[in-house]
There are 2 protein chains.
Amino acid sequence: MADVSLTTRPDPHVTATRGEQAGPAAEPSWDLIELLFFAYRDFVGDPDEVLAKLGFGRAHHRVLHFVNRNPGIKVADLLDVLKITKQSLGRVLKQLIDDGYVAQREGEHDRRQRLLYVTPAGEALAMQLAGLQTARISRVLGELGPGGREVVRRFLAGMIDAGDRDRVLRMVARADRTRPRRRDGAP
Amino acid sequence: MADVSLTTRPDPHVTATRGEQAGPAAEPSWDLIELLFFAYRDFVGDPDEVLAKLGFGRAHHRVLHFVNRNPGIKVADLLDVLKITKQSLGRVLKQLIDDGYVAQREGEHDRRQRLLYVTPAGEALAMQLAGLQTARISRVLGELGPGGREVVRRFLAGMIDAGDRDRVLRMVARADRTRPRRRDGAP
DNA sequence: CCATTATGTCAGCATTATTGACATATTTCG
DNA sequence: CGAAATATGTCAATAATGCTGACATAATGG
């Protein structure tokens with residue numbers, strides 16, 4: 001049974017890849033639809049296990065992740081990224097704060113703002129979770145060979161709604177620069 | 001602002017792709033982690049809208065999808081694929097049956113079994129939803145150029161837990177053969 | 001006949017999301 | 001200055017989707 005189709009094969013239904021024209025949809029991409037479902041489920045599965053032991057869920061992960069990646073982010077911007085309501089965010093954010101994984105600080109220019117930062121414990125947890133997901137990704141990219149990473153990146157970026165894509169890519173790029181060197185004014 | 005990084009660029013943190021060795025996790029793949037999050041959200045977003053108008057949710061989509069792809073599937077096997085409990089499945093399955101999207105039939109050899117099939121309405125809905133997702137996928141694959149599809153496919157397959165991978169790939173391959181020609185004994 | 005299997009169902013609970021309404025503090029602007 | 005707008009927090013109710021545990025029914029199979 002080993003290793004079916006993890007290697008390249010002719011792939012009968014590559015009918016022509018039919019790029020642009022969104023005609024009457026020849027034949028659904030069943031394989032990619034299903035693989036994406038299973039891949040994403042397992043991709044978030046590893047963090048889920050760790051979080052469950054702390055009494056947290058997937059929602060906590062998302063909040064912790066984006067706060068870690070965007071130190072000093074405003075609550076309003078976080079809501080924008082996550083596309084949830086502030087009531088939904090409030091609950092999980094309160095738990096993360098109460099448990100000492102996230103801290104708030106007043107904005108310097110605008111004291112209404114509660115800028116969000118991860119605590120050292122929060123950063124450690126965020127890095128642990130990201131490490132699990134990165135391990136999975138790295139293993140696969142290693143199997144793909146050179147160039148694979150860029151193809152995957154372009155595929156995922158292209159799958160994002162056009163209206164959001166640039167904002168997301170800007171955020172990814174910005175945070176790429178922000179994280180590496182320990183940011184200045186962390187609490 | 002347009003089109004950042006949808007084109008290939010040097011990509012600073014490609015540190016060596018560090019394939020196999022799962023050492024102390026050098027630097028997280030922040031970009032792919034986040035892109036996967038946003039890509040999956042939008043990938044399921046299109047069907048979500050259609051389903052909401054019918055009073056259905058994502059859970060209904062998954063059930064309808066796998067029944068459509070695996071006509072005559074046993075309840076137990078569906079539970080295995082979805083990895084949920086029969087109580088959770090029962091709720092959404094009952095709605096799909098009551099609303100005429102899924103039908104049950106007794107197994108021929110084993111009359112305890114309730115084999116699941118989509119009705120014509122169910123097939124139409126499943127195809128509509130798959131069409132939306134396929135349109136998104138096809139557009140991106142068209143932008144990736146030849147070879148992109150296979151890289152993406154291998155990436156997604158590789159992201160699946162090793163223990164499940166073969167089973168999933170076998171299912172994908174089997175259904176690839178099952179669907180195309182109208183199956184024999186559908187209700 | 002009896003143990004097992006396949007399925008369904010009742011009851012209760014948790015997580016994560018929603019909407020609507022309102023409260024508080026602060027900034028901004030006329 | 002004072003009113004309007006903004007940023008955030010919170011209360012209450014509801015929905016979707018998952019869970020556990022317990023039990024019921026029907027059919028299979030030794």
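Lettering follows sequence order; numbering is per chain, from 1.
- Mapping heavy-atom proximity under 4.0 Å, the span of DNA chain C touched by chain A runs 5' to 3' from dT16(C) to dT27(C).
- Asp80(A) has its CG atom 15 Å from the C1' atom of dT6(D), to the nearest Å.
- Shown here are the ring pair (Phe, Tyr, Trp, His ring centres under 6.0 Å) partners of Phe66(A), two or more places apart in sequence or in another chain: Phe37(B), Phe38(B).
- Computed from C1' positions of five pairs at each end, the angle between the two local axes of the helix from dC1(C)-dG30(D) to dG30(C)-dC1(D) equals 10°, rounded to 10 degrees.
- Ion pairing between a basic and an acidic side chain is recognised when a charged N comes within 4.0 Å of a carboxylate O; Glu143(B) and Arg139(B) show such pairing.
- Protein atom CG of Asp77(A) is 15 Å distant from nucleotide atom P of dT6(D), rounded to whole Å.
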Problem set entry | Letter per nucleotide, 5' to 3', of nucleotides 24-30 of chain D [B base touched, S only sugar-phosphate touched, - untouched; heavy atoms, 4.0 Å] | --BBS--
Exercise. What does nucleotides 13-18 of chain D look like as a protein-contact string, B for base, S for sugar-phosphate only, - for none, at under 4.0 angstrom between heavy atoms?
Worked result: ----BB
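- With rounding to the nearest 0.5 Å, the separation of CE in Met159(B) from CZ in Arg165(B) is 10.5 Å.
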Problem set entry | Test log, rule side chain to side chain contact (heavy atoms under 4.5 Å, CB included), inputs Val140(A) and Val152(A) | CA-CA 11 Å; Val140(A) 181; Val152(A) 169; over 6 Å; no
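- Rounding to the nearest 0.5 Å gives a distance of 10.0 Å between CG of Asp99(A) and OG1 of Thr119(A).
- Residue order along DNA chain C, read from the 5' end via each residue's closest nucleotide, puts Ala76(B) first among Gln87(B) and Ala76(B).
- A distance of 11.0 Å separates CZ in Arg154(B) from CG in Leu141(A), rounded to the nearest 0.5 Å.
- For the atom pair Leu32(B) CG and Arg149(A) CZ, the distance stands at 4.0 Å (nearest 0.5 Å).
- Figure legend: cation-pi geometry between Arg136(A) and Phe43(A) absent, as NZ or CZ is not positioned both under 6.0 Å from the six-membered ring centre and within 45° of its axis.
- The line from CD1 of Ile160(A) to CG of Leu169(A) is 6.0 Å long, rounded to the nearest 0.5 Å.
- By the ring pair (Phe, Tyr, Trp, His ring centres under 6.0 Å) test, His65(B) pairs with Trp30(A), sequence neighbours left out.
- If you look at Phe56(A) and Tyr101(A), their ring centroids are closer than 6.0 Å.
- Within a 6.0 Å sphere centred on NZ of Lys83(B), heavy atoms belonging to other residues, nucleotides or ligands number more than 12.
- Note that CG of Leu156(B) and CD of Glu34(A) are 12.0 Å apart. Values are rounded to the nearest 0.5 Å.
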